[in-house]
Amino acid sequence: MNTKEWFRRIPNLIPGLTTVVVLNFASGLLMILQAVFLAKIVTDVFLNDRNRGDVMMPIALLFFVILLRAVATGLSDKASGDVSLRIREDLRMSLVRHLFQLGPVYLRRERTGELVNSAMNGIEQVDVYATKYLPQMAHAFLIPVAVWCLVIGTDIWSAIILAVTAPLIPIFMILIGKGADSIAKRQWRALSVLGGHFLDVIRGLTTLKVFNRSRAQVEIIERITDTYREATMQSLRVAFLSALVLELLTTLSTAVVAVMLGLRLLHGNIDFHRAFLVLLLAPEFYLPIRMIGTQFHASMNGIEAAKRIFEILDTQPLVQGGTRRIVEVIQSQTGEADDHNARVSCFEHESPISIEFDDVSFAYPGSEVNALEHVSFCVPAGKTVAIVGASGAGKSSLFDLLLGFARPLQGQIRINGVALSEFELSDWRAHVSYVSQTTHLFPGTILENICRARQGASVAEALEAARLALVDEFVCRLPHGYTTRIGEDVQLSGGQIQRIAMARAILKRAPVACFDEPTSQLDMVSEQALQASLETALQGRTALVAAHRMQTVRRAHQIVVVESGRIVEQGTHADLVSAGGTYQKLWAFYNDGAIFDTAAREFVPEGARV
Ligand SMILES: Nc1ncnc2c1ncn2[C@@H]1O[C@H](COP(=O)(O)OP(=O)(O)OP(=O)(O)O)[C@@H](O)[C@H]1O
C-alpha cells in the first residue's frame with residue numbers, strides 16, 4: 001500500500017501531516033542553525049581569542065535558536081498528537097458506521113474477536129504508521145538534503161562521503177526488510193485468530209465445561225499464542241537486525257567523516273571552523289534515517305492492520321437501499337398532504353402498511369443452498385401473519401430480508417406495492433418493531449434499556465410497556481426496581497430478557513411488527529399471559545410473527561407453513577387444521593402430545609403408532 005493510497009483512504013491525514021512535516025523541518029533547520037552558531041562561538045572563543053563582548057551576540061542568538069527549536073518540536077508533537085487522535089477517531093467511526101451498514105448477516109459470518117482486534121489494536125497500529133512513520137519518512141529525506149546543502153558549501157570532500165554512504169542505508173534496509181512483510185502478515189493473522197478464538201472460548205465457557213473440553217481449548221489457545229510469539233520474535237529479530245545495521249552504518253559513516261576531517265585538519269587542508277561545523281552536522285545528517293529503523297517494526301504491523309481495516313471498509317453492503325420514505329408513499333396513496341399527519345396516522349392508528357413477498361428466493365452469502373425458494377405471501381395492512389415451520393425452515397431468513405439485512409436473489413418484497421429496495425433502509429426500519437431470537441441488552445438500567453426503543457418516550461410510557469410485557473413481575477422483586485443495572489446488580493434469565501425485548505417493541509409502537517419466536521423462552525403460564533399483551537400490541541399493526549409455539553400463532557389472520565425454505569401451506573388456523581397437512585400434524589402434536597415417528601419422519605398422534 002503506497003502513501004498516495006493512505007492519503008486517499010484517510011483524507012484528514014494530509015493537512016495534519018503537512019503541519020507535522022513542516023514543523024519537523026523547521027525544527028531540523030533550527031538544529032542546523034544551532035550547529036552554525038555553536039561552531040562559530042567555539043572557534044571565536046578558543047581559536048580567534050575574541051573577548052566576551054564579541055561573542056555575547058552569537059551566544060544570545062544560539063539560546064534564541066534553541067528556544068525556537070524547543071517550541072517547534074513542542075508544536076510538532078502537539079500537531080502529531082492531534083492528527084493521531086483524529087485518525088483513531090475517524091477510522092473507528094468509519095469502521096463502526098460501515099459495520100452498521102454491512103449489517104447482521106455480514107457480522108454473523110465474521111469472528112467478533114477478530115473484528116474487535118481490528119477496531120482496537122489494528123487502529124492503534126495504523127495510527128503509529130500514519131503519524132510516526134510517514135512524517136519520519138519525509139523528515140529522513142528533507143533534513144539530510146538540507147544538511148548536505150550546507151556541508152557541500154563548507155567542505156566538498158565531506159559532502160562526497162555523506163552522498164556515498166547515505167544511499168547504503170536504504171539499500172540495506174530494503175534487503176533486510178524483504179521478508180518482513182510476510183512475517184508481519186503472519187504476526188497479524190496470529191493475533192487476529194487469537195482474539196477471535198479467545199472470545200469464542202469465553203462465550204462458550206459453559207458448553208466447554210459441560211463437555212469437559214476446556215483443557216483442549218486451553219491447548220489450542222496455547223498453540224495460537226505460540227504461533228503469535230514465534231511471529232513476534234521473528235519480526236523483532238528483523239527489527240533489531242535492521243536497527244543494528246543502521247546504527248553500524250551511520251556510526252561508521254560518521255567515523256569516516258570524522259577521521260577524514262581530523263587528518264585534513266592535521267595536514268592543514270581544512271580550517272577548524274569548517275571541520276567543526278561538519279563534525280557537528282554529520283550525526284544530524286544520519287539521525288533521521290536512523291530513526292526510520294526504530295519505527296520499521298511498528299510500520300510493518302501498521303500496514304498489515306490497515307489492509308484488514310480497509311478490506312472491511314471496502315466490503316460492499318449486501319443491501320444498498322434507495323431514497324424513498326414510507327411517509328411519502330403513504331401520502332401519495334392516501335392523499336394526505338401534511339407530512340406530520342401522515343406520520344401520526346401511521347404510528348397512532350391502524351397500520352396503513354402492507355407487505356408482500358413475491359416469488360422470493362434467497363441464499364446467504366457463501367452458501368450454496370437456498371434458505372428460501374419461491375416464497376410468495378401477503379401481510380395485509382393491519383393484519384397478523386404467522387410463520388410456522390421446523391428449525392432451519394427459513395423463518396428468520398424472512399426477517400433478514402424484510403428488515404433489509406440481505407437482498408433476495410430472485411423475486412421482490414413490496415411495501416404498499418413499492419419495492420423494498422427503493423426505500424431508505426433506516427427510515428423503513430424506523431417503522432418496524434423487531435424482536436429477534438437473540439435480544440441484546442446494553443449496559444445500563446432496565447428502564448434505560450426499554451427506553452432505547454423510542455427516542456423521547458416518557459418514563460410513564462416505558463413503564464406501561466413494561467407492565468404489558470410482564471416485566472413488572474420480576475422487576476418488582478429486584479432491590480432497585482427499574483433502575484437495577486443489568487449485568488452489575490443482576491443477571492437476567494432468557495425469559496426475562498425476552499420480556500424486556502417485548503416491552504421495547506410495545507413502546508416503539510411501530511406500524512409494522514416482526515416477532516421472531518417472541519415467547520420461546522417463557523414458561524407456559526407466562527406465555528399465556530404475554531399472549532394477551534401481544535395481541536393488544538399487535539392490534540391494528542401489520543405483523544409477521546414466527547413461532548414454534550402454536551398458541552402464539554393460532555389467532556393470526558393468516559398462517560404460512562414453511563418447510564425447507566418453501567411455503568407448503570397457507571390459510572387460517574381453521575382452514576389448515578381441516579386441511580390435514582403439516583400444520584394439522586403440528587397442531588395435533590401440540591394438543592394431544594403426538595410423537596415424532598422417526599421411520600415415517602413425521603408427527604403421529606399418540607397411540608397411532610404400531
Ligand atoms: N448466516 C447464515 N449463513 C448461511 N446460512 C444460514 C445463515 N443463517 C441461516 N442459514 C441457513 O438458512 C436456513 C434457514 O435458516 P433460518 O435461520 O431462516 O431458519 P429458522 O426457520 O428461523 O430456524 P429456527 O427456528 O431454528 O430459528 C438454514 O438451513 C440455515 O442453516
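All heavy atoms count here, side chains included; hydrogens, waters and symmetry mates do not. Because the structure is predicted, anything quoted here is derived from the model rather than measured. Whatever order the structure lists them in is the order used to number ligands and atoms, beginning at 1.
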*Minimum heavy-atom separation for M120 to R92, with atom names?*
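Smallest interatomic distance, heavy atoms only, reads O-NH2, 3.3 Å.
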*asked:* Looking at D127 and R88, is there a salt bridge between them, counting it only when a charged N and a carboxylate O are closer than 4.0 Å?
replied: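 Looking at R88 and D127, the cut-off is met.
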_Heavy-atom contacts with ligand 1 below 4.0 Å: which residues, ordered by chain and residue number?_
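Residues Y364, A371, A390, S391, G392, A393, G394, K395, S396, S397, Q437, E517, H548 each place a heavy atom under 4.0 Å from ligand 1, listed by chain and number.
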*Under 30°, 30 to 60°, or over 60°: which ring-plane class applies to Y583 and W587, parallel, tilted or perpendicular?*
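Y583 and W587: parallel rings.
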*Hey, is the main chain of H557 close enough, under 3.5 Å, to the side chain of T384 for a donor-acceptor pair?*
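Absent.
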*State whether a side-chain donor-acceptor pair under 3.5 Å links T232 with Q187.*
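Yes.
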*asked:* What I'd like to find out is whether the side chain of R555 reaches to under 4.5 Å of the side chain of H573, using heavy atoms alone.
replied: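 No - every pair of side-chain heavy atoms lies 4.5 Å or more apart.
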